[in-house]
Amino acid sequence: MAEWSQMPEDLLGLIARRVDTQFDVLRFRSVCSSWRSAAAPSPSPSRRGRFPILPNDGISDAAWGFHLSKRTIFLLGVPRSPGQTAPGGWLLKVKEDVPRRMNLLNPLSRCQFTPLPEDFPRVLDLLNLQVLELGHEYVLQYMSYLPGGNDGHLYMEKVVFLCLDNENDFALLTIHVSGKLAMFKSGEKRWSIIQDMPSPYDDVILFKGEFYAVDGTGRTVVVGLDLGVTLIAQSNFGGDKKFLVESVGELLLVDMYLSLDAENDHDGLVAELADDFDYLLRERTVRFKVYKLEREEKVWNEVKDLGDRVLFLGDDCTFSASAANLRACKGNCIFFADNWEVEGASKSPEIGVYDMDSGIIGPLEDYAGYSELFWPPPDWIASSTSEVQNRLEAVAV
């Protein structure tokens, strides 16, 4: 058997430079002293999740700059024991804008969980848990110089991040309020608006080290750091909003169909206001279609069956997971943030589920067991971490 602690230093260094998440760095450094010395404790901004203030430079009239923060989506689970059925996993999103101070958020929205349950552990014992990083999101927050401005408010469009060869340099791609694409490069310290826009853009994603963007017609492009745009797929008309999702090395396009559906108007709110105030209403999700990119043919081909995969469509990121790892649901389904509101009569964000086998869509609570993936935390979170927390409390005393 190989003695991992005796691995050559130059090989360890090469491996360490390719460990690109803060959690994996922690795992790497925990192997032994030689591995710990080969990897610095998350020196780059992309790993720390903390960045310099970004200038406005024309992207917004309401702010003099932006604060960029990183959030990570985790799947926590209990290790399987032989002959026993392990409980379902638990999804959460973590932000750490201030060192050693973390906040928990809904994995599919911008909503923060507060207050936490009284029995929620202050320390999670990762030795007793299985932890998978499913995705990351980056959020821009306004820094205003005007009284009563947007200071502290979030820039509402999705932002994707690319770490450049120099680990301290990075590039961002987002959608400008005009519907055009906007890129920021830290080395140049300015935003650039990309004029290519046959139709307003719907979504952006980082896929295999490149920026991809899709517009409302399904036309998909790769955006280079030189601001050049290369057509990757022709338009794929249909649906009302488009999402890009990576799943096991493939790029998927998810078409969301929306409607003011009176059958789902359980409280009568839509029926009461639709005639006179339909311009105030947001639409409800009614179905989805999924496509896979065929890059050589430059087309999106429809996918009827995702197999074991589960797709998640959030406000600021998309990600996928294996149903076998989630343990709480079957594959071939889509979880999504079903945000809708009427001005002056808002409803809190809901999580919806679309079953691609049956074509049935509904709220999370209609699917037995699926809600275990989300808030509130499962009982095993407290039980699996109580021992280490008790030890820490004893040390503090």
K.L.:
Is it true that atom CD of E9 has more than 12 heavy atoms of other residues, nucleotides or ligands lying nearer than 6.0 Å?
P.N.:
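No, because the 6.0 Å sphere around CD of E9 holds 12 heavy atoms or fewer from other groups.
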K.L.:
Would you call L104 and V94 a side-chain contact if the rule is heavy atoms closer than 4.5 Å?
P.N.:
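Answer yes - side chains close enough.
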K.L.:
Has D202 got a side-chain atom pairing as donor or acceptor with K242's backbone, closer than 3.5 angstrom?
P.N.:
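Judged by distance alone, yes, a pair lies under 3.5 Å.
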K.L.:
To the nearest 0.5 angstrom, please state how far the CE atom of M183 sits from the CG atom of L172.
P.N.:
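Going from the CE atom of M183 to the CG atom of L172 covers 9.0 Å.
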K.L.:
Nearest 0.5 Å, what's the CD-CD1 distance between E365 and I351?
P.N.:
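E365 atom CD to I351 atom CD1 measures 9.5 Å (nearest 0.5 Å).
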K.L.:
Could you measure the distance from the CD1 atom of I361 to the CG atom of D355? Nearest 0.5 Å is fine.
P.N.:
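Rounded to the nearest 0.5 Å, the CD1-CG separation comes to 10.5 Å.
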K.L.:
Would you call F335 and C329 a side-chain contact if the rule is heavy atoms closer than 4.5 Å?
P.N.:
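With C-beta onward as the side chain, the pair touches.
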K.L.:
Please answer whether the main-chain N or O of E137 pairs with a side-chain N or O of K93 as donor and acceptor at a distance below 3.5 Å.
P.N.:
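Side chain of K93 to backbone of E137: no pair is present.
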K.L.:
Does K292 NZ have over 12 foreign heavy atoms under 6.0 Å away?
P.N.:
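No, the 6.0 Å shell around NZ holds no more than 12 heavy atoms from other groups.
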K.L.:
Closer than 3.5 angstrom, by distance alone: can the side chain of T220 be matched with the main-chain N or O of G218 as a donor-acceptor pair?
P.N.:
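The answer is yes, because a donor-acceptor pair under 3.5 Å joins these two groups.
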K.L.:
Report the relative orientation of the aromatic rings in W375 and W90; use parallel for angles under 30°, tilted for 30 to 60°, perpendicular for over 60°.
P.N.:
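Answer is tilted, since the angle falls between 30° and 60°.
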K.L.:
So does K330 have more than 12 non-hydrogen atoms from other groups sitting under 6.0 Å from NZ?
P.N.:
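Yes.
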K.L.:
Check step by step if side chain to side chain contact (heavy atoms under 4.5 Å, CB included) holds for L181 and L173.
P.N.:
CA-CA 7 Å; L181 299 172; L173 185 70; 4.2 Å; yes
K.L.:
Quick one: pull up NE2 in H136 and OH in Y138 and give me the separation to the nearest 0.5 Å.
P.N.:
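Rounded to the nearest 0.5 Å, the NE2-OH separation comes out at 6.0 Å.
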K.L.:
Applying a strict under-4.5 Å side-chain criterion to I, L, V, M, F, W and Y, I'd like to know whether L108 and L134 cluster together.
P.N.:
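Yes, because L108 and L134 connect within a single hydrophobic cluster, where side-chain heavy atoms sit under 4.5 Å apart.
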K.L.:
Kindly indicate whether the side chain of F161, heavy atoms from C-beta on, has any atom under 4.5 Å from the side chain of L206.
P.N.:
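They are not in contact (no side-chain heavy atoms under 4.5 Å apart), so the answer is no.
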K.L.:
What I'd like to find out is whether the side chain of E157 reaches to under 4.5 Å of the side chain of V159, using heavy atoms alone.
P.N.:
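When only atoms from C-beta onward are counted, V159 and E157 do not touch, as no gap falls below 4.5 Å.
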K.L.:
So does L244 get a backbone contact from the side chain of D203, meaning a donor-acceptor N/O pair under 3.5 Å?
P.N.:
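Looks like yes, one N/O pair under 3.5 Å.
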K.L.:
Assess whether side chain to side chain contact (heavy atoms under 4.5 Å, CB included) is satisfied between V223 and V204, documenting all intermediate values.
P.N.:
CA-CA 10 Å; V223 184; V204 291; over 6 Å; no
K.L.:
Would you check if Q195 and K180 make a side-chain contact, meaning some heavy-atom pair closer than 4.5 Å?
P.N.:
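When only atoms from C-beta onward are counted, K180 and Q195 do touch, with a gap below 4.5 Å.
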K.L.:
Quick check: closest heavy atoms across L12 and S34, and the distance to 0.1 Å?
P.N.:
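Answer, listing the atom of L12 first, then S34: CD1-O, 4.0 Å.
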K.L.:
Between K185 (side chain only) and L225 (backbone N and O only), is there a donor and an acceptor less than 3.5 Å apart?
P.N.:
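Pair found, side chain donor or acceptor close to backbone of L225.
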K.L.:
Could you check whether Y257 and F288 have their ring centres less than 6.0 Å apart?
P.N.:
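Aromatic pair excluded; centres sit 6.0 Å or further apart.
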K.L.:
Any idea which heavy atoms bring A328 and L373 closest together, and the distance?
P.N.:
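In terms of heavy atoms, the two residues are closest at CB-CG, 3.8 Å.
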K.L.:
Side-chain contact, heavy-atom cut-off 4.5 Å: V290 with I334?
P.N.:
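They are in contact (side-chain heavy atoms under 4.5 Å apart), so the answer is yes.
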K.L.:
Do Y354 and F336 have ring centres separated by under 6.0 Å?
P.N.:
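Distance test on ring centres: not under 6.0 Å, no.
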K.L.:
I'd like to know if the side chain of D240 reaches the main chain of L258, judged simply by a donor and an acceptor atom lying under 3.5 Å from each other, with no hydrogens or angles considered.
P.N.:
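Yes, because the side chain of D240 sits within donor-acceptor range (under 3.5 Å) of the backbone of L258.
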K.L.:
Is there a path of hydrophobic side-chain contacts, each under 4.5 Å between heavy atoms of I/L/V/M/F/W/Y residues, joining M256 to L251?
P.N.:
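Hydrophobic grouping puts L251 apart from M256.
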K.L.:
Where is the tightest heavy-atom contact between Y201 and R219, given as atom of each residue plus distance?
P.N.:
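Minimum heavy-atom contact is OH-NH1, 3.3 Å.
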K.L.:
Flag the pair K158 and D316 as a salt bridge only when some basic side-chain nitrogen lies within less than 4.0 angstrom of an acidic carboxylate oxygen.
P.N.:
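A salt bridge is absent here (no side-chain N lies under 4.0 Å from a carboxylate O).
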K.L.:
Measure the acute angle between the ring planes of F170 and F184, then classify it against the limits of 30° and 60° as parallel, tilted or perpendicular.
P.N.:
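Ring orientation of F170 relative to F184: tilted.
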K.L.:
Can you measure from CG (L311) to SG (C333) and round to the nearest 0.5 angstrom?
P.N.:
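That separation rounds to 8.0 Å.
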K.L.:
Please say yes or no: joined through hydrophobic side-chain contacts below 4.5 Å, possibly via intermediate residues, are F374 and L105 part of one cluster?
P.N.:
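Different clusters.
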K.L.:
Is L364 reachable from I73 through a run of I, L, V, M, F, W or Y residues, each pair having side-chain heavy atoms under 4.5 Å apart?
P.N.:
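Yes, one cluster joins them.
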K.L.:
Which is it for L129 and W380 under the side chain to side chain contact (heavy atoms under 4.5 Å, CB included) test, yes or no, and what are the steps along the way?
P.N.:
CA-CA 10 Å; L129 298 172; W380 53 259; 3.7 Å; yes
K.L.:
Do V221 and I194 belong together in a cluster built from hydrophobic side chains that touch within less than 4.5 Å?
P.N.:
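V221 and I194: one cluster.
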K.L.:
Can R327 and E372 be said to form a side chain to side chain contact (heavy atoms under 4.5 Å, CB included), step by step?
P.N.:
CA-CA 10 Å; R327 304 178 190 168; E372 295 177 5; over 6 Å; no
K.L.:
Is there a side-chain contact between F312 and P107 in this structure, where contact means two heavy atoms from C-beta onward sitting under 4.5 Å apart?
P.N.:
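F312 vs P107: side chains apart.
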K.L.:
Mind listing the closest non-hydrogen atom pair of T217 and S235 along with its distance?
P.N.:
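So the two residues come closest at OG1-OG, 2.8 Å.
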K.L.:
So which heavy atom on I205 is nearest to which on E246, and how close?
P.N.:
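Heavy-atom minimum between the residues: CD1-N, 3.8 Å.
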K.L.:
Can you classify the ring geometry of F66 versus W191 as parallel (below 30°), tilted (30 to 60°) or perpendicular (above 60°)?
P.N.:
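Perpendicular, since the angle between the ring planes exceeds 60°.
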K.L.:
At what distance, to the nearest 0.5 angstrom, does CG of L75 lie from CD of E133?
P.N.:
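Answer for the CG-CD pair, L75 versus E133, is 11.5 Å.
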K.L.:
Is the shortest distance from a Lys or Arg side-chain nitrogen in E210 or R295 to a carboxylate oxygen in the other one below 4.0 Å?
P.N.:
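Salt bridge present between E210 and R295.
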K.L.:
Which pair of non-hydrogen atoms, one from A233 and one from L293, has the smallest distance, and what is that distance?
P.N.:
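Smallest interatomic distance, heavy atoms only, reads CB-CD1, 3.7 Å.
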